[in-house]
Number of protein chains: 2
Amino acid sequence: MTIYDIAKKCNVSIATVSRVLNGSDRVSEKTRAKVLAAMKEQDYAPNPFARGLGLDSMKMVGVLCSDVADAFYAKAVSLIENALQKHNFDVMLSCTGECNGKDIKALRYLMQKHVDAVIIIGTPFAVQGNVAAIKKIAEQIPLVTINNNYKLQGTYSIVCDEQTGMRNAVYALANKGCRSILYLYDSLTYSGQHKLTGYKQGVLELGLDAQPALIQKTPRTFEAVESMIHMLLKQKVPFDAILTSEDILAVAAQRIARRNNRCVPVIGCNNSIIAECATPTLTSLDNQLDCLCETAIKTVIHLMQSNAPALPSKTVFDAKLIERESFQIHPQ
Amino acid sequence: MTIYDIAKKCNVSIATVSRVLNGSDRVSEKTRAKVLAAMKEQDYAPNPFARGLGLDSMKMVGVLCSDVADAFYAKAVSLIENALQKHNFDVMLSCTGECNGKDIKALRYLMQKHVDAVIIIGTPFAVQGNVAAIKKIAEQIPLVTINNNYKLQGTYSIVCDEQTGMRNAVYALANKGCRSILYLYDSLTYSGQHKLTGYKQGVLELGLDAQPALIQKTPRTFEAVESMIHMLLKQKVPFDAILTSEDILAVAAQRIARRNNRCVPVIGCNNSIIAECATPTLTSLDNQLDCLCETAIKTVIHLMQSNAPALPSKTVFDAKLIERESFQIHPQ
DNA sequence: TTGTATGCGTTATCAA
DNA sequence: TTGATAACGCATACAA
């Protein structure tokens, strides 16, 4: 079924069919009805490739992240996909994995596929050495990032101020009397770096225990966290609270600590479903993913529709501490 | 940059450029090198829409599920995306939401977009009334389903035998002396129905307590599960074990039960990350998602490459009970 | 209000 | 080993 077939069936030209297809008002109601009927009868749908070739667009936006299996990215992708669907855009999903350098390749690949826009969700992008490439891409299509910031002209960055959030979390713990806050993280992405900075800032401002052993990097597995905590206990590193860059690290650390009779206040980050699954339920820093995604979508849609009024190149939301049971525990 | 530009630069025809682009061996090494060099220099990439129009394919497969935010679907999508990427296929993600009837629309939509194949991950599809439509789709492109089965010719179904898995879970609980196993579920998808059937089968075969109050439907929230358990306790429904269709229900039920001093063995399903986050860690029925996805990809790739030897229309994997702490508890 | 003709960038089929 | 040219299906400028 092509536009030609429909035209023939209706004794009109393909131009007329194309017009009703695109909702032009320069068609008589009579012929419009006739064509519409024929389309319905033949179950006709325009060929997206041909349309794409003509319009240089397939109404598709590329969504990039390191791994959709991760709860945070999964939720972001879900929100984005739902919103884009409402605007009649499709999403082409591309996951880069943790492997560094693969992300810029994925971005280039999306460009080759002529997506209408790209949304990048907090991947640890290798900006250095790729500034020119990214800039060039941003000149061609809208490029918006969530929890990530290239600081390049033409890119739009929607972030949560996790740095201040983490700083506030440190303050909250200090308010409970904690002086030696153990900080666990797994990677230093854009987001990861800011969290760590916020922790350090809080510790510095309040004059808390700042010994290096209180900052530990660990893989995101229960086993790794377990051996980490065991090591710290053995070395008698005197932590009286735990703060982590990820809920999963907090859940793991909390359990191991408690099993070793070290019941301290614990705060995670991301406020994902697993925070509620833990016992005691986990206090967590919510990074307002819903707001971030909503704004990202609005920005992308706006940029694709017009090149009208300028949009802020950076939008910042505040993180919010969601207090749960793990916060009601008093330090030893 | 088009094929014409490259051709002009090299003093050859577009046909020759097209040949080196597609790796034809009917090109002299000399001209091939020349063309390749020009392509590299100009950073040329073929227009995917034009190619799509010519080949009627954009090397893209549609992936359909109800919600990527859900851990199970997220992991499935992740596995599928990674595998397809290796085969140089892109994925177009489409989430239908729980709303019934939306799924067939999404499938039709993917067809209009001329994807090369569709993978459907366990959505509660409205088959009745749409048999003809689905059949027609399966005739046109490969259609494989994970934990879902249309039982229609031309569709390929990869499933985990969760029915037997649930039956075995009931046996395992019975072995510990449990007689009144509470079963919680949230929806009756293809997967959900089989799980429930497996539970009933086990109860029947072993002559366990089969009172209707032991089977309860509840939304997937902590609050809902909490009021459900409270109600059961108030009505003195005498359960001595809990089995659920989803890990999250098990985690919630386990917590509420324990807080009411009802420490019974608990088994969830899906063996997701939250099973490990619970305290005590949750025993869970693993539905072998990795195997399911791997097989799905193999099937899809095979079907797209050739119409050679027939593939099984149904592939079944066994579920596997992963025993954790929640299973070491003895019924009261 | 409608029709004709052309361009979009490939692939594929011939012929040379 | 190459080149000319016809599809592919649609949008659109221009003509009627």
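Everything numeric in this text was worked out from a predicted model, so none of it was measured. Chain naming here is simple, since letters A, B, ... match the order of the sequence lines and numbering starts at 1 in each.
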**OP:** Answer yes or no: is there a side-chain heavy-atom contact under 4.5 Å between Phe49(A) and Met58(A)?
**Re:** yes
**OP:** Report the end-to-end axis angle of the helix from dT1(C)-dA16(D) to dA16(C)-dT1(D); each axis comes from five terminal pairs, and the value is rounded to 10°.
**Re:** 40°
**OP:** Take atom NE2 of His114(B) and atom P of dG9(D), then tell me their distance rounded to the nearest Å.
**Re:** 9 Å
Subject >> Polar side-chain atom of Asn147(B) near backbone of Cys160(B) as donor-acceptor pair, under 3.5 Å >> reply: yes
**OP:** Give me the first and last nucleotide of DNA chain C, going 5' to 3', that has any atom under 4.0 Å from a heavy atom of chain B.
**Re:** dG9(C) to dA12(C)
Subject >> Lys298(B) atom NZ: more than 12 heavy-atom contacts under 6.0 Å >> reply: no
Subject >> Backbone of Cys95(A) reached by a side-chain donor or acceptor of Glu81(B) within 3.5 Å >> reply: yes
Original post:
How does protein reach along nucleotides 11-16 of chain D, written 5' to 3' as B (base within reach of a heavy atom under 4.0 Å), S (only sugar-phosphate), or - (no contact)?
Top reply: BB----
Original post:
So with a 6.0 Å cut-off around NZ of Lys59(A), is the heavy-atom count from everything else above 12?
Top reply: yes
**OP:** List in chain and number order the residues that pass side chain to side chain contact (heavy atoms under 4.5 Å, CB included) with Thr2(B), two or more places apart in sequence or in another chain; answer none if no residue qualifies.
**Re:** Tyr4(B), Asp5(B)
Subject >> Phosphate OP1/OP2 of dT2(D): any Thr31(B) side-chain N/O under 4.0 Å >> reply: yes
Original post:
Is the shortest side-chain N/O distance from Thr16(B) to OP1 or OP2 of dG3(D) below 4.0 Å?
Top reply: yes
Original post:
Which residues satisfy the side chain to side chain contact (heavy atoms under 4.5 Å, CB included) test with Asp290(A), sequence neighbours excluded?
Top reply: Lys75(A), Leu79(A)
Original post:
What does Asn11(B) touch in the nucleic acid at a heavy-atom separation under 4.0 angstrom: a base, only the sugar-phosphate, or nothing?
Top reply: sugar-phosphate
Subject >> Under-4.0 Å salt bridge between Arg32(B) and Glu29(B) >> reply: yes
Original post:
So Tyr150(A) and Asn148(A), side-chain contact (heavy atoms from CB on, under 4.5 Å) or not? Walk me through it.
Top reply: CA-CA 7 Å; Tyr150(A) 296 145; Asn148(A) 193 345; 3.9 Å; yes
**OP:** Kindly write out the residues that satisfy side chain to side chain contact (heavy atoms under 4.5 Å, CB included) with Arg108(B), not counting sequence neighbours, or none if the list is empty.
**Re:** Ile104(B), Ala133(B)
Subject >> Flag if over 12 foreign heavy atoms under 6.0 Å of NZ, Lys135(A) >> reply: no
Original post:
Rounding to a whole Å, what distance do you find between Met1(A):CE and dC8(D):P?
Top reply: 14 Å
